[in-house]
Q: 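I'd like to ask you about the structure that follows.
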Amino acid sequence: MTTENKPGTPEFEAWLLARAQKWSDALFTAEIPEELAHVDSGIMAGPRSWADVMPEKTIAEDIAIDKAHKRMHLKVVK
């Protein structure tokens with residue numbers, strides 16, 4: 001985006017539409033991985049790699065979520 005293409009201008013709208021079209025084309029023409037070929041049609045979202053959701057990588061995040069959930073009923077009093 002250049003300085004001439006500010007939000008609200010026709011140039012910006014054209015730039016944004018072209019960018020969205022390019023992203024949409026890439027999204028809907030992506031190859032389906034072989035391990036997901038048995039899944040029915042539709043749009044799927046998730047990590048690019050199964051390794052990103054393995055327990056070894058998500059343990060710290062899971063612990064933080066559990067702690068926050070356990071403290072949810074408490075109020076901070078100052």
Q: If you measure from CD on E11 to CG on L16, what distance do you get to the nearest 0.5 Å?
A: 13.0 Å
Q: Under 3.5 Å, side chain of S24 to main-chain N/O of A20, donor-acceptor pair present?
A: no
Q: What about I65 and I59, same hydrophobic cluster or not, with Ile/Leu/Val/Met/Phe/Trp/Tyr joined at side-chain heavy-atom distances under 4.5 Å?
A: no
Q: To the closest 0.5 Å, what do you measure between CG (L17) and CD (Q21)?
A: 6.5 Å
Q: Would you please name every residue forming a side chain to side chain contact (heavy atoms under 4.5 Å, CB included) with K67, sequence neighbours left out?
A: I63, R71
